[in-house]
Every structure is written in C-alpha cells, then in structure tokens.
Protein chains: 2
Amino acid sequence: MDLIRIYQCLCDQTRLRVLNLLSQGPLCVCHFQELLDEGQVKISKHLAYLRTHGMVEATREANWMVYRLPRKPSPELKANLACLQDCAREQSVFQADLAKLRRLHGKFTDTSPICCSPSKSRI
Amino acid sequence: MDLIRIYQCLCDQTRLRVLNLLSQGPLCVCHFQELLDEGQVKISKHLAYLRTHGMVEATREANWMVYRLPRKPSPELKANLACLQDCAREQSVFQADLAKLRRLHGKFTDTSPICCSPSKSRI
DNA sequence: ACATCATATTCTCATTGAGGTATATTCCAC
DNA sequence: GTGGAATATACCTCAATGAGAATATGATGT
C-alpha cells in the first residue's frame, strides 16, 4: 500500500478513533455507534473508506459486520498503527474511548447488548 | 499539537517529499523547487502549510528562507517523523529524492548554486 | 413470504484543499 | 531609491471529502 494512502486514512478524527478502538480487538458497527456516539451512516461510511484502502478487514457474522485490523498488515501499515497507538495513549479523546470500551464491554455478561454477541469471543 | 493535525500535514505527496528531504537537514525554497521539480508557488504554499501547523520552522537568511524540522518537536511529531522516515526508505519516490539531494548537494563546492549558500553550514 | 434489525449506498450540500496566474513583499546590490 | 532576485500571498477554479436524509440491501425469526 502506498504511504500516502495510509496518511489519507489517518487524517480524519472519526477514523482515528475507530482505529484506536480496533487496536483492542474486533468490533461491530453498532459498537462504534455506541462508543463514538455518532450516527450509523457516518460510522458505516468511514469503515467502508478504511476497508477500501486496506486499513481494516470485515467479516459478516449473522446480522452484524465485524471489523478488525488486518491480519497481515504491510510493514508501513504496521509501523503507522503502532505509532498511532503510542500517540493516542497520550491524548484524552482516545483515552476516553478506550475507557468507555472497557467499561461497557470489558467483560461480556448476559446483560450485554445482543448486537455484541459476535465479539464475545474476543474477550 | 493535535495528532489529527499531524496526519493532515502528512496526507499530501508534496509535503511528504518535503519532510523526507528535511530529514537530511535544512533546505531553502529553491532547493525544493530543484529537487522536486515543482513550481515556486506550489512549494511555497506547502511550506507555509507545514509551518502554520508546526511541522517545520523557517528562518530567513539574507535573500533565502531556510526551512528545517522543528528543533523541539512534540513527542507525537517526533514519533511520526521517525515513522515516516522508516517507511519512506522503502519507497522509490523518496529514495530518488534523497539520491538527488546527495548528488546535487552532497558536498558543497564553489560550483554550488548561489542560492544554496545559506545551507552550506549544514554539511 | 413478511416484518424487522443491522448495515450499506445514494444523493445533495457545504467545506476544504490543491494548483495556477498574477501580484505583493522582502532583501540585496548598485 | 531603483532594479532584480527569492519568496509569499490573493484570487480563482476545480476536484475531493465529510455530513446528513432518505433509501436500499441482506440476514434473521416467525
């Protein structure tokens, strides 16, 4: 993948937050809606953008689309995702997102929203 | 500096090439025109963009503006510039730019273009 | 087959950014 | 202070991008 494509993917706040969350493991669209507090269309379009450019992978699980970071990222992608994670750790927006993720989905219980069932396996 | 700002600076090919060249040391505008083979306005505007966003510093030396990477980059900037350099090393465009820089300005001689005098000190 | 839920796509609109031409600024040499 | 070189800015045009509303698709359960 071209370096410039990677940076173009990274130059939007919503996409950065998505990638930051994905560093913790796969998530489905409704997770992002909940965690980022954004509308379905917005989330969906940014995920499509990231997918088109090879920044994330997606699989359907029953009714839900589960997104994850690439299993075999290119060296450049790997380096930049690592760098992003490092930097994000220092910034409050991203900290807050991870905190919310842990709070809501840290351990899945029977009270977890039904839409989260596909990713129960991840924790 | 905000992480998002950094990525917005990095998502243009000309700016990436500029930053890659600056990793070798300070350069003036006419260097960039020569090395990147682009017009003065284009170079100048991208440099202004980078400067506005804190990605480069500029000082005037006589008739020339000399641009350099920040002397005290934020941690995020530092990390991302390092990452960029690593990645650029693998891509032909950036390799070629560095090769041209070395070829034309690797060692300054009396035949160096007059405009380069400000940066003689850098090598 | 039908209703419903999760997600994707289409359309439109406003904003942004890149590139070019022309013009302005800043410094130097005389 | 006049002219010229190096650089910056203003203004214009065009393409790309992001956001939301409405609509379409695809899977599930009955």
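We name chains A, B, ... by the order of the sequence lines, and we start the count at 1 in each one.
B:Leu16 has its CG atom 11 Å from the P atom of C:dA18, to the nearest Å. Rounded to an integer number of Å, the gap from CD of B:Gln8 to P of D:dG18 is 10 Å. A straight line from CH2 of A:Trp64 to P of D:dG26 spans 18 Å, rounded to a whole angstrom. The distance between atom NE2 of B:His46 and atom P of D:dT7, rounded to the nearest whole Å, is 17 Å. Atoms CZ (B:Arg51) and C1' (D:dA8) sit 10 Å apart, rounded to a whole Å. Here the C1' atom of nucleotide D:dA8 and the CG atom of B:Asn63 are 13 Å apart, to the nearest Å. In this entry the distance linking CD1 of A:Ile43 with C1' of C:dT9 reads 16 Å, nearest Å. The interatomic distance linking A:His31 (NE2) with C:dT7 (P) rounds to 9 Å, in whole Å.
Not a single donor-acceptor pair under 3.5 Å links the side chain of B:Asp97 to the backbone N or O of B:Arg17.
B:Val29 comes within contact range of the sugar-phosphate backbone alone, with a heavy-atom separation under 4.0 Å but no base atom that close. Note on A:Tyr67: only backbone sugar-phosphate atoms sit closer than 4.0 angstrom, heavy atoms only; bases stay farther off.
Counting only heavy atoms from C-beta on, B:Val41 has its side chain closest to C:dA22 among D:dG18, D:dT7, C:dA22.
The shortest distance between side-chain heavy atoms of A:Met55 and A:Leu10 falls below 4.5 Å.
Side-chain atoms of A:Lys45 and base atoms of D:dG20 include a donor and an acceptor less than 3.5 Å apart. The base of C:dA8 sits within donor-acceptor range of the side chain of A:Gln40, with an N or O pair under 3.5 Å. For A:Asp12 and D:dG18, a side-chain-to-base donor-acceptor distance below 3.5 Å is absent, hydrogens and geometry of angles not being considered.
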For B:Arg15 and B:His46, run side-chain hydrogen bond (donor to acceptor under 3.5 Å, both in side chains): C-alpha distance rounded to whole Å, both residues' side-chain angles, the deciding distance at 0.1 Å, then the answer.
CA-CA 6 Å; B:Arg15 292 197 289 267; B:His46 281 299; 3.2 Å; yes

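Nearer the 5' end of DNA chain D, as judged by each residue's closest nucleotide, is the contact made by B:Ala58, out of A:Thr14 and B:Ala58. Of the residues near DNA chain D, A:Arg60 and A:Lys42, the one whose nearest nucleotide (by heavy atom distance) lies more toward the 5' end is A:Lys42.
When every heavy atom of B:Val56 is checked against every heavy atom of B:Pro70, the shortest pair comes out as CA-CD, 4.1 Å.
OP1 or OP2 of C:dA18 lies within a sub-4.0 Å distance of a side-chain N or O belonging to B:Arg15.
Using a 4.0 Å cut-off between charged nitrogen and carboxylate oxygen, B:Glu57 and B:Arg71 count as a salt-bridge pair.
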